[in-house]
2 protein chains.
Amino acid sequence: MQRKKIVLPESEIPRQWYNIMADMPTPLEPPLHPGTGEPAGPDDLSPIFPMNLIEQEVSTKRWIDIPEEILEKYLIWRPTPLYRAYNLEKHLKTPARIYYKNEGVSPAGSHKPNTAIAQAYYNKEAGTRRITTETGAGQWGSALSMCCSFFGLECKVFMVKISYNQKPYRRLMMETWGATCTASPSTETQAGRSILEKNPDSPGSLGMAISEAVEAAVGDEYTKYSLGSVLNHVMLHQTINGLETQKQLEMAGDYPDVVIGCAGGGSNFAGNCLPFVRDKIHGKEIDIIGVEPSSCPTMSRGPFAYDFGDTVQMTPLMPMHTLGHDFVPAPIHAGGLRYHGMAPILSQLLLDKLIRAENINQLETFQAGITFARTEGFISAPECNHAVAMTIREALKAREEGKEKTILCNWSGHGLVDMAAYEAYLSGQLSDQPLPEEEITRALEAIAPLPKPRQYIG
Amino acid sequence: MQRKKIVLPESEIPRQWYNIMADMPTPLEPPLHPGTGEPAGPDDLSPIFPMNLIEQEVSTKRWIDIPEEILEKYLIWRPTPLYRAYNLEKHLKTPARIYYKNEGVSPAGSHKPNTAIAQAYYNKEAGTRRITTETGAGQWGSALSMCCSFFGLECKVFMVKISYNQKPYRRLMMETWGATCTASPSTETQAGRSILEKNPDSPGSLGMAISEAVEAAVGDEYTKYSLGSVLNHVMLHQTINGLETQKQLEMAGDYPDVVIGCAGGGSNFAGNCLPFVRDKIHGKEIDIIGVEPSSCPTMSRGPFAYDFGDTVQMTPLMPMHTLGHDFVPAPIHAGGLRYHGMAPILSQLLLDKLIRAENINQLETFQAGITFARTEGFISAPECNHAVAMTIREALKAREEGKEKTILCNWSGHGLVDMAAYEAYLSGQLSDQPLPEEEITRALEAIAPLPKPRQYIG
């Protein structure tokens, strides 16, 4: 009998997060204050983040203990299962061994609660009563809503308007968990009003929603802001995924030649791959691939530069691959991958060639999702289908080359709340929307006046 | 640290289903042929079911081996976790210990694959190439679609028209898994056409969809029909749930005083409770409660009688609690509980007072679902909220009585595909729709001309 599922016992759950800042060959360049352009210190971040999370943001300690209160919540759905994709392998007639780590078993259906739990907990500890955030398709907003309800915190989510209107299910999840969800741009903030003044029909973007959420947090000492990706402490919390995966692969007596994850702001990809990047730094040969949509190829085509995290230029400038803070990507269904920037940690690892980036067209990702569902059973989120599509590419390459390699796919979440996207695909209404060259040029112009990082490679 | 989740190791998965037919104090009365009114034998069922499933339908063997091929598929998501609801207990300030068995971790999100896997497998073994079925809200249709894709079978689903139009997500899951889904009543069958002739605007019902699916199966030796509830072999397959739960409670050093499950056709309720009914037959004191919607109180208010499983009177007559084969329940959101009949096994156990039935109004069930989501994290399907609501009632009763009892709630599936129902509730658009007395009278009239069971208690 084939045992598909590799189950890590609860007693084996990792009790520390892994902080790659301790091992990076090139240290991160500092964030810069948005007004002065000078390096931003912890005090500059304290109006929007609690100090315990700021400490994690700048920490270079390799292992950081996971508090018992967080472990207790993780254990609601963790350790998550690692699967051997026997049926997909057979269907593809590939000699490759394919594994996928299923982060979709959390109550919110994605990897996002890994950091949402931690952020809610540390905020609670620091005396925060209310958290503001932004969300695109809603995976992050729903995860944070759930975790705020666990810790008795108020939660206010600014949701990108086009998703708010077209994809009500995740908004409804947020409301079910007791959060307040507002379509962004809204009239509730100065940032939102100024955007609406210029374009009353703005469909919104993550960058705009971040501006609104940050503005809604500053000025009230009991309200803090929370970001679901990009930042160092978010990457840190997500490493529980990769650390578990390493133990599970050891149980299976295997080790990956290729590690694949989809990348929007980077939290999902980083969460799974960073512990493997550590191995690579120590000499292991691994091909670590972040997969982006061709309509928003931040890592694979954007320059490395200092840029704002948001549209209205309120956040610190971060050294990262970016398509420009006013970039509005095509309305693809993988809403979680429609972000102009990439986590500074991943951006630096890309410069140092420890990871690489690929981008894939929308139709190929949905075709891959259908193949996956009909062989492995699980229906993937549109974001996750990018990783699945790349996995299939690599498995077919292994077949062509007659190579017996091991492929690890980070399966970030299920798509049961995204079935409208599958409908659009199955009825032939979807198209590929690769980014036109002139958009890249425009992005470069937008960030041209900003300070340059030492390692600027534009 | 509180350990909420009780994980049964894969090696401990039950390898046999439990057949309560071996232990029932009163044997079931036989089904009757719809034309002759005479007891129906295996040969009468063979036009629509394969013989290996018919053998299970009539078997009185206590333990039936689960084939390896089925176990292998079960292990994709089984054993499912049992949770201790610490947060809900705390919120309710109850001395009761509440456990819930989470069947929502299957790729389809509900308990339905427990029998869908088995039925697809046995059909494949018997040479079936195509399976027809009906579905209400879509939990059964989607589960069978997935399992047919596992075994390379075609799948044709007749979906109750009102759900087909209002709840596209589960239809899209079926199509993603490769099935064909048609709104019922349709023009594809004689049954559908005759219903549409009388009422072109018919919203459909499970009874009608069964008529269509049965008709679409007869006459082609490679096409069989599959039912997701009611029948004995369906109850049998679902017992994997209760058998796992018993092992998990043993691991927790506990045993239930109360066992609760929601009941539509009965497969979910039976799957969890039948192994406990066995214990009750052997002397254990347990209160075993099937929970119905007040708009479709089949067990709690319907008479025990011989009735058809479908509207157009094509199925055998079954001895069961029923509201009449032409009963069309109010359009509540718990589509899986809108069925006029109840599994003969459960109907007989009710007569023998081994289980009991309660019914609950729609608003109370959604209120319970919100409380559950905000404490335990998981968002329940509307059907499942009936069990959650009853669990909360029992927990509050324990508080009033100051009793330290153990309550087991069978959590049949998540509601992430049902968020439109939560929207209706949260925006105040839902109402209670308890069944008016005159509807019961009408139901009695509809079944009055049919043969009477020995134990008729109408």
Side-chain angles (χ1 to χ4, degrees), chain A residues 1-7 9-10 68-69 71-73 75-79 81 83 86-87 102 104-109 113 142 145-147 149-150 168-173 175-178 366 369-370 373-379 414-423 425-427, chain B residues 1-7 9-10 68-69 71-73 75-79 81 83 86-87 102 104-109 113 142 145-147 149-150 168-173 175-178 366 369-370 373-379 414-423 425-427:
Chain A
M1 188 166 62
Q2 283 175 341
R3 286 286 183 90
K4 289 181 63 70
K5 192 167 66 199
I6 300 151
V7 180
E10 286 202 344
E68 289 278 296
E69 293 85 346
L71 274 177
E72 190 178 296
K73 300 296 181 196
L75 286 174
I76 295 175
W77 74 95
R78 305 204 71 87
Y83 285 91
Y86 286 114
N87 295 345
N102 185 349
V105 295
S106 79
S142 55
S145 300
M146 178 182 79
C147 298
S149 85
F150 286 162
Y169 274 36
R170 284 213 179 84
R171 164 175 65 77
L172 291 163
M173 289 165 69
E175 291 171 358
T176 296
W177 280 312
F366 276 96
I370 297 280
R374 292 185 187 173
T375 51
E376 293 298 313
F378 294 101
I379 296 178
H414 68 67
L416 300 185
V417 193
D418 304 284
M419 294 313 298
Y422 280 84
E423 173 158 54
Y425 174 72
L426 289 168
S427 62
Chain B
M1 188 166 61
Q2 283 176 342
R3 288 286 183 91
K4 289 180 63 67
K5 193 167 66 198
I6 300 151
V7 180
E10 286 202 343
E68 289 279 296
E69 293 85 347
L71 274 177
E72 190 178 297
K73 300 296 180 195
L75 286 173
I76 295 175
W77 73 96
R78 306 205 69 89
Y83 286 90
Y86 285 114
N87 295 345
N102 184 348
V105 295
S106 79
S142 55
S145 301
M146 177 181 79
C147 298
S149 84
F150 286 162
Y169 274 37
R170 285 213 178 84
R171 165 174 65 78
L172 291 163
M173 290 165 67
E175 290 171 358
T176 296
W177 280 313
F366 276 96
I370 296 281
R374 292 184 187 175
T375 50
E376 294 297 313
F378 295 100
I379 296 178
H414 69 66
L416 300 184
V417 194
D418 305 284
M419 294 313 298
Y422 280 85
E423 174 159 53
Y425 173 72
L426 289 167
S427 63

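Chain naming here is simple, since letters A, B, ... match the order of the sequence lines and numbering starts at 1 in each. Just so it is clear, the structure is predicted and the values come from calculations on it, not from any experiment.
Contacts of A:Arg170 with chain B are absent, with no heavy-atom separation under 4.5 Å from either backbone or side chain. Residue contact with chain B, scored on non-hydrogen atoms closer than 4.5 Å, involves the backbone and the side chain of A:Leu75 alike. Looking at B:Ser145, neither its backbone nor its side chain comes within 4.5 Å of chain A, counting heavy atoms on both sides. Only the backbone of A:Asp418 comes within contact range of chain B, judged by heavy atoms closer than 4.5 Å. Only the side chain of A:Lys4 comes within contact range of chain B, judged by heavy atoms closer than 4.5 Å. Contacts of A:Glu376 with chain B are made by backbone atoms alone, with heavy-atom separations under 4.5 Å and no side-chain atom involved. The parts of A:Val417 that come within reach of chain B are both its backbone and its side chain, each placing non-hydrogen atoms under 4.5 angstrom from that chain. Proximity to chain B is limited to the side chain of A:Met146, based on heavy atoms less than 4.5 angstrom apart.
Rounding to the nearest 0.5 Å gives a distance of 10.5 Å between OG1 of B:Thr176 and OH of A:Tyr425. Taking CG of B:Asn87 as the start and CD of A:Glu72 as the end, the distance is 7.5 Å to the nearest 0.5 Å. Considering CE of B:Met419 and CG of A:Leu416, their distance stands at 12.5 Å, rounded to 0.5 Å. Note: A:Gln2 CD to B:Glu68 CD = 11.5 Å, rounded to the nearest 0.5 Å. Expressed to the nearest 0.5 Å, how far CD1 of B:Ile379 lies from CG of A:Leu172 amounts to 9.0 Å.
For the pair B:Ile76 and A:Phe378, the minimum side-chain heavy-atom distance is below 4.5 Å.
Partners of A:Tyr169 according to the side chain to side chain donor-acceptor pair (under 3.5 Å) rule, which considers only residues two or more places apart in sequence or in another chain, do not exist here.
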